[in-house]
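So you know, we letter chains A, B, ... as the sequences are listed, proteins then strands, and number each from 1.
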Amino acid sequence: MEENLNNEENIIREEDINEQMQVRRNKLQDLKNSGKDPYVITKFDVTHHSETIIDNYDELEGQEVSIAGRIMLKRVMGKASFAHILDSKGLIQIYVRKDEVGDDSYTDFKVYDIGDIIGVKGVVFKTKTDEISVKANEVTLLCKALNPLPEKKHGLKDIDLRYRQRYLDLIVNREIKDTFVKRSLIIKEIRKFLDDKGFIEVETPVLHTIAGGAAARPFITHHNTLDIDLYLRIALELHLKRLIVGGFDKVYEIGRVFRNEGMSPRHNPEFTLLELYEAYTDYNGMMDLTEEMFKVVSRNVLGTSKIVYGDVEIDLEKPFERISMVDAVKKYKGIDFSKITSLEEARKLADEHEVEYEPHHEVGDILNLFFEEFCEEHLVQPTFLMNHPVEISPLAKRMPEDPRYTERFELFIVGREHANAFSELNDPIDQRERFEIQAQLKAAGDEEANDVDYDLLNALEIGMPPTGGLGIGIDRMVMLLTNSQSIRDVLLFPTMKPRD
RNA sequence: GAUCCAUUAGCUCAGUCGGUAGAGCACCUGGCUUUUAAUCAGGGUGUCCGGAGUUCGAGUCUCCGAUGGAUCACCA
């Protein structure tokens, strides 16, 4: 059955071969017929990269080098040719003369296509226009490209194709490679930053029996042998806290989490989350850590902590602003929620200001709606939004001076949430009550509400020290530091709907 | 999930009022021993995203569908 389907696909594909693709297949067949099948070659010794040759021209002039890369541009004349070769570091020109490589080799070279991968042995020199080049004395075809590359002038602009065929995008739009190099450096710097502070990196399960630690709809999968449904994790929180109970004082994990929700320029179904937990500190400690991390990572990766995002300059150097959610709503909307004590008052306010709420929303939920509606977009420079209502913070400790609110903060930059942290709730009795409220919400149809995690409750009953916890969306952070407007520009292979 | 926009050659894009499908690059044939998005002469290679409808006639108008983008909803 499956084979039949594949055969059908293959038949369709054969029909899709256009003239250019057919020409290249014919060229490959000719190579094979004359004993020059490039696919039998297993290795090629590369001694230099384009960048090395260009950066060290003075030492390398007249020296023999061996380079390899993809033909990107080709200028063929009767008995001599120029071409540009793309290797992992960039472009370099090669000069191929018939009287240097021999008649047969030159004839072969003339029919190589843009996109083919060749190895070149030759001598470093400068052309009369001062371009650093390699004069070939030997050219080897290492791989035939059977499909043509996009055009040299305009490259590949079709966003759909760029995401679906990222390999093409990387070849043709080489500047995007920088984004992914930076992404790698950012994650490396985060690890270094945390390791230097004595944090231990751990790995916890991706397959969960309970989807908790965040408000999100999970992906559901099935384990055949156990015959149970499992959830792909939506957060790292609940396992990392168990490790604090177990005696690790400082732990972190950088891992993929999965949320079965809408996609947008800022949301991908799978994304990378950093979560860390530190015993014997609170959300103030987490604020200091967050501020330092953003500053240091930016400095070490970009060489500066004053960055440009879109048309705004963001200063990660000066102390981040700190404001409570109640004060933010007061500042940007002129409404003082600290004086709102009943749900009726809150609903009346919401009605007056055309803020839509759900029947199950309490005062704290409505406060949060006001914040999202009227304040969020104003928090462009780094701002810690603090002291969220307990209703939207089921895992955070209450503020001792006002139990309606929690010791929690979110870091906002360019109007977006970049971090979320709190003094972790370690009161097992309070935690049990909050889980039960979540369970009621879930029973009432809220698909994002948490289940009761009895094992976590047991862990808390064993005893978790006062702990600060922090989560940072790595993709958002990479977007910020690479001035990327879409999350898909910082993901090598963003989730795409299959065609047909 | 809703709304708007896009989809034409391998790539980037034109296509007027509904009247036989166009350009540049790429590709093919030939020339050219220092080119620089090489160049000179010649060649158009197509499921106009798919399907249905209106019409004498549809790339163009209408409807249904696919994929993508933006905005909204949800969220990080």
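Looking at heavy atoms from C-beta onward, A:I190 lies in side-chain contact with A:M477 at the 4.5 angstrom threshold.
Between the side chains of A:N260 and A:Y231, no donor-acceptor pair of N or O atoms lies under 3.5 Å. Checking A:E358 against A:H361 by side-chain atom types alone, no donor-acceptor pair falls below 3.5 Å.
With sequence neighbours left out, the side-chain hydrogen bond (donor to acceptor under 3.5 Å, both in side chains) criterion links A:Y332 to no other residue. Residues satisfying the salt bridge (charged side-chain N to carboxylate O under 4.0 Å, His left out) criterion with A:K135, sequence neighbours excluded, are absent altogether. Shown here are the side-chain contact (heavy atoms from CB on, under 4.5 Å) partners of A:D116, two or more places apart in sequence or in another chain: A:R24, A:I71, A:Y112, A:D113, A:L141, A:K144, A:A145.
For B:rG53, the paired base is B:rC61 (Watson-Crick or G-U wobble, both distances below 3.5 Å). Across the strands present, B:rA6 finds its partner in B:rU67; the criterion is a Watson-Crick or G-U wobble pair with both atom distances under 3.5 angstrom.
Using P as the reference atom, B:rU47 and B:rA9 are 8 Å apart when rounded to the nearest Å.
In this structure, the nucleotide among B:rU34, B:rC72, B:rA70 sitting nearest to the side chain of A:R266 is B:rC72. Closest to the side chain of A:K128, out of B:rA70, B:rA26, B:rU34, is B:rU34. Distances from the side chain of A:L73 to the nucleotides B:rG10, B:rA37, B:rU35 place B:rA37 closest. Distances were taken from every side-chain heavy atom of A:L161 (C-beta onward) to each of B:rC11, B:rC74, B:rU34; the shortest belongs to B:rC11.
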I need a per-nucleotide contact map over nucleotides 28-33 of chain B, read 5' to 3'. Cutoff is protein heavy atoms under 4.0 Å; write B for the base, S for backbone only, - otherwise.
S---BB
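Closest-nucleotide positions on RNA chain B for A:G155 and A:F82 were compared, and the one nearer the 5' end corresponds to A:G155.
For a distance-only test at 3.5 Å, the side chain of A:Q93 qualifies as a donor-acceptor partner of the base of B:rU35.
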Atom pairs under 3.5 Å, N or O on each side, protein against nucleotides 3-5 of chain B: can you list them with distances?
none

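Residue A:R488 places at least one side-chain N or O closer than 4.0 Å to OP1 or OP2 of B:rG69. The shortest distance between the side-chain N/O atoms of A:R164 and the OP1/OP2 oxygens of B:rG68 is below 4.0 Å.
Every pair passing salt bridge (Lys or Arg N to Asp or Glu O under 4.0 Å) that includes a residue from residues 286-298 of chain A is listed here, sequence neighbours excluded: A:K197-A:E292, A:D288-A:R322, A:E291-A:R322.
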